[in-house]
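Before any comments, here is the structure.
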Amino acid sequence: MMSSDKQDTTGNDFLEKLQVSSQVVLETAQKKGRSICPKCNSSRMFYCYTCYVPVESVPTGDIPTVKLPVKIDIIKHPNETDGKSTAAHAKLLAHEDVTVYTYPSIPDYDKQIHEVVLVFPGPNAVSLKDGLQYLPQHKNQKKDFTEPNIKRQRLDRCDNEEKNVTDAAQGMNCLRKVIFIDSTWNQTNKIISDERLQGLVNVELKERKTCFWRHQKGSPDTYLSTIEAIYYFMVDFHIQILEKDYKGEYDNLLFFFTFMYKLIRDAKQAAGKL
């Protein structure tokens, strides 16, 4: 584990390099204090984490909109505290491409198995590139709950390199949706073991260190918040799969995240905790 000082320094360096839109609107809203949600009339700061809309003191037109190359489903644990979850950030900033479900009310992905990947670390997880190679194999097939995902890792990917390139290209064309789990790590088991998620291609992100200020004690600093995981997936997809230079296209996914990070960092500095 990194010390908190080193982790804060790393976070500062990374977040300062992001191409995030002006946050003057959030600075102004902070000075005004809590405001009303235009939908449910609840008192909130910056946005309503229930309705996924900015509060009245934050004009919608001043909030950036991010267009994603694939759709996102976020499955939220019912005990996850709405106000502490970063899932709302994704819905607010990429509202056309993100849907949030509260477990156990989730879709059955049986008919979409060749179009969906689940982002979650574990023994059966493969890299993003490898995961997309498996998607075309699921077309016109139903889930086989008796066959563990790990068998996919044992495919001989060296036999026919040209075929793998073709499979990856087909997988890129197949991919329509990416699933993320929003919960504490201790709560994930019930969701990840749900029958409706079995048989999906399970991909794991490259290892990165979190900047999340609510990092769970005792867990590795590579455990990312939901919005961080979505952001890094999009960056990897852009570079590895679309094979394009990354020029900050998805940096605004961290619009609220970076602002809150700085607020908490400044508060710690003022209190002499940094």
Side-chain angles (χ1 to χ4, degrees), residues 49-50 52 68 70-95 97-110 112-113 115-128 130-132 134-135 138 143 145 148-150 152 175-237 250 253-254 256-257:
Y49 46 74
T50 305
Y52 305 121
L68 304 180
V70 293
K71 300 295 183 183
I72 298 292
D73 278 2
I74 299 174
I75 300 175
K76 192 166 72 69
H77 193 282
N79 294 337
E80 183 72 4
T81 304
D82 290 342
K84 295 182 178 181
S85 168
T86 61
H89 299 185
K91 182 61 179 176
L92 279 153
L93 297 164
H95 57 91
D97 297 318
V98 175
T99 304
V100 181
Y101 297 96
T102 300
Y103 187 83
S105 298
I106 65 173
D108 187 337
Y109 296 100
D110 190 41
Q112 300 173 282
I113 192 170
E115 300 177 337
V116 178
V117 298
L118 170 64
V119 177
F120 194 80
N124 296 329
V126 296
S127 69
L128 175 57
D130 287 348
L132 292 189
Y134 301 133
L135 284 183
H138 284 306
K143 294 179 187 174
F145 296 106
N149 289 353
I150 200 167
R152 284 194 281 267
L175 184 63
R176 296 288 180 271
K177 187 171 291 184
V178 185
I179 303 171
F180 292 85
I181 308 297
D182 182 53
S183 75
T184 63
W185 286 97
N186 292 332
Q187 296 171 337
T188 56
N189 187 59
K190 186 173 184 180
I191 296 178
I192 205 67
S193 60
D194 189 288
E195 184 179 271
R196 290 167 291 183
L197 300 181
Q198 304 311 302
L200 295 174
V201 172
N202 188 186
V203 302
E204 186 170 14
L205 297 173
K206 292 194 305 182
E207 191 171 280
R208 270 97 166 201
K209 296 186 185 301
T210 185
C211 295
F212 194 32
W213 51 92
R214 290 196 180 98
H215 180 67
Q216 296 166 45
K217 292 182 180 179
S219 61
D221 56 4
T222 52
Y223 282 9
L224 303 175
S225 67
T226 300
I227 194 63
E228 287 176 300
I230 293 173
Y231 168 76
Y232 282 125
F233 178 92
M234 292 303 159
V235 172
D236 288 349
F237 186 83
Y250 311 113
L253 285 173
L254 299 177
F256 291 108
F257 185 92

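Predicted model, so just to flag it, every value in this text is computed and none were measured.
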Assess the residue pair Ile106 and Ile191 against the criterion (side-chain contact (heavy atoms from CB on, under 4.5 Å)); give the C-alpha distance rounded to whole Å, side-chain angles, the decisive distance to 0.1 Å, and a yes or no. CA-CA 10 Å; Ile106 65 173; Ile191 296 178; 5.8 Å; no
Between Leu118 and Ile181, does a side-chain contact (heavy atoms from CB on, under 4.5 Å) hold up when you go through it step by step? CA-CA 9 Å; Leu118 170 64; Ile181 308 297; 4.2 Å; yes
Taking the side chain as every heavy atom from C-beta outward, state whether [X] and [Y] have any pair of such atoms under 4.5 Å apart.
X      : Y      : value
Lys190 : Pro104 : no
Ile75  : Leu197 : yes
Pro107 : Tyr101 : yes
Val178 : Val203 : no
Glu115 : Leu135 : no

How far does [atom1] of [X] sit from [atom2] of [Y], to the nearest 0.5 angstrom?
X      : Y      : atom1 : atom2 : answer
Asp82  : Lys76  : CG    : NZ    : 3.5 Å
Leu200 : Ile113 : CG    : CD1   : 5.5 Å
Lys84  : Asp182 : NZ    : CG    : 13.0 Å
Lys209 : Tyr223 : NZ    : OH    : 13.0 Å
Glu204 : Asp130 : CD    : CG    : 12.0 Å
Asp97  : Met234 : CG    : CE    : 8.0 Å

Within the distance-only criterion (no hydrogens, no angle test), does the side chain of [X] pair as donor or acceptor with the backbone N or O of [Y] below 3.5 angstrom?
X      : Y      : answer
Asn202 : Asn124 : no
Gln198 : Ile192 : yes
Arg208 : Leu224 : no

Passing candidate, side-chain contact (heavy atoms from CB on, under 4.5 Å) with [X], options [options]:
X      : options                : value
Phe256 : Ile227, Leu92, Thr86   : Leu92
Val235 : Phe237, Tyr231, Phe233 : Tyr231
Leu175 : Val116, Leu132, Val201 : Leu132

Heavy-atom closest pair, residues [X] and [Y]:
X      : Y      : result
Ser183 : Thr188 : OG-CG2, 3.0 Å
Tyr109 : Lys177 : CE2-CD, 4.1 Å
Asp108 : Asp110 : OD1-N, 2.9 Å
Glu80  : Gln187 : OE1-OE1, 3.6 Å

Full working for side chain to side chain donor-acceptor pair (under 3.5 Å) between Glu228 and Thr210: CA-CA 7 Å; Glu228 287 176 300; Thr210 185; 2.6 Å; yes
Going through the distances and angles, do Tyr52 and Val98 end up as a side-chain contact (heavy atoms from CB on, under 4.5 Å)? CA-CA 11 Å; Tyr52 305 121; Val98 175; over 6 Å; no
Just do the side-chain contact (heavy atoms from CB on, under 4.5 Å) check on Ser225 and Phe257 with the steps written out, would you? CA-CA 10 Å; Ser225 67; Phe257 185 92; 3.6 Å; yes
